[in-house]
Amino acid sequence: MKTIALILLFFATLNAHSLKVFADIDGDFVVIKSYFYGNSPCKGCRVDIIKDKKVIQNTTTDENGVARVKLLANEFEILVDGSLAHERKITFTTDKEIIENKEDSTLIYILKIVGSIAGIIIFFGFLYFIKRR
């Protein structure tokens, strides 16, 4: 009987090292809340957003154990590392449509190319002007 009581006591203490992680959508962001047993927030804990076994985003939690990341995919894993083997991974899925702003990135790409060509023309024009004197 004492052995069973000791085993139950041992398993009851294991909960003290558990890390709880919850995630929810807030607009275009995912809000991640993490805390230890007894509602002690996971302060400064590293949060990795993993998709297809690659880390696509990472951040750290604030003093309340909360982190916000931009929603970049409909399904991914959230890994919160509370250090000292306090780690928890959850899978997050949503049906929310993700709008990528491709027009802005295309415009920026075109502006970079035009800027580069203009820089080259100005540089060689300046060299031509100096050599001609």
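- For N39, there are no side chain to side chain donor-acceptor pair (under 3.5 Å) partners at least two apart in sequence or on another chain.
- Y35 belongs to a hydrophobic cluster with F22, counting contacts under 4.5 Å between side-chain heavy atoms of Ile, Leu, Val, Met, Phe, Trp and Tyr, direct or through other members.
- Every side-chain contact (heavy atoms from CB on, under 4.5 Å) that N74 has, sequence neighbours left out, goes to T94, I98.
- Checked against side-chain contact (heavy atoms from CB on, under 4.5 Å), V66 has the following partners two or more places apart in sequence or in another chain: V31, K33, D62, N64.
- Remark: I122 engages no residue in a side-chain contact (heavy atoms from CB on, under 4.5 Å) (not counting sequence neighbours).
- Under the rule for a salt bridge (Lys or Arg N to Asp or Glu O under 4.0 Å), the partners of R68 that lie at least two apart in sequence or sit in another chain are D26.
- Partners of L111 under the side-chain contact (heavy atoms from CB on, under 4.5 Å) rule, at least two apart in sequence or in another chain, are L107.
- Evaluation of the side chain to side chain donor-acceptor pair (under 3.5 Å) rule for R46 yields D48 as partners, not counting sequence neighbours.
- Screening residues 55-75 for ring pair (Phe, Tyr, Trp, His ring centres under 6.0 Å) gives no qualifying pairs among residues at least two apart or on separate chains.
- Every pair passing disulfide (SG to SG under 2.5 Å) that includes a residue from residues 30-98 is listed here, sequence neighbours excluded: C42-C45.
- The pair K96-D28 meets the salt-bridge criterion, since a charged nitrogen lies less than 4.0 angstrom from a carboxylate oxygen.
- Residue pairs meeting the ring pair (Phe, Tyr, Trp, His ring centres under 6.0 Å) criterion with at least one partner in residues 51-81, sequence neighbours excluded, are F76-F92.
- The closest side-chain heavy-atom distance from I90 to E77 is not below 4.5 Å.
- Here F124 sits in one hydrophobic cluster together with I120, F123, L127; the rule is ILVMFWY side chains under 4.5 Å apart, joined directly or through other members.
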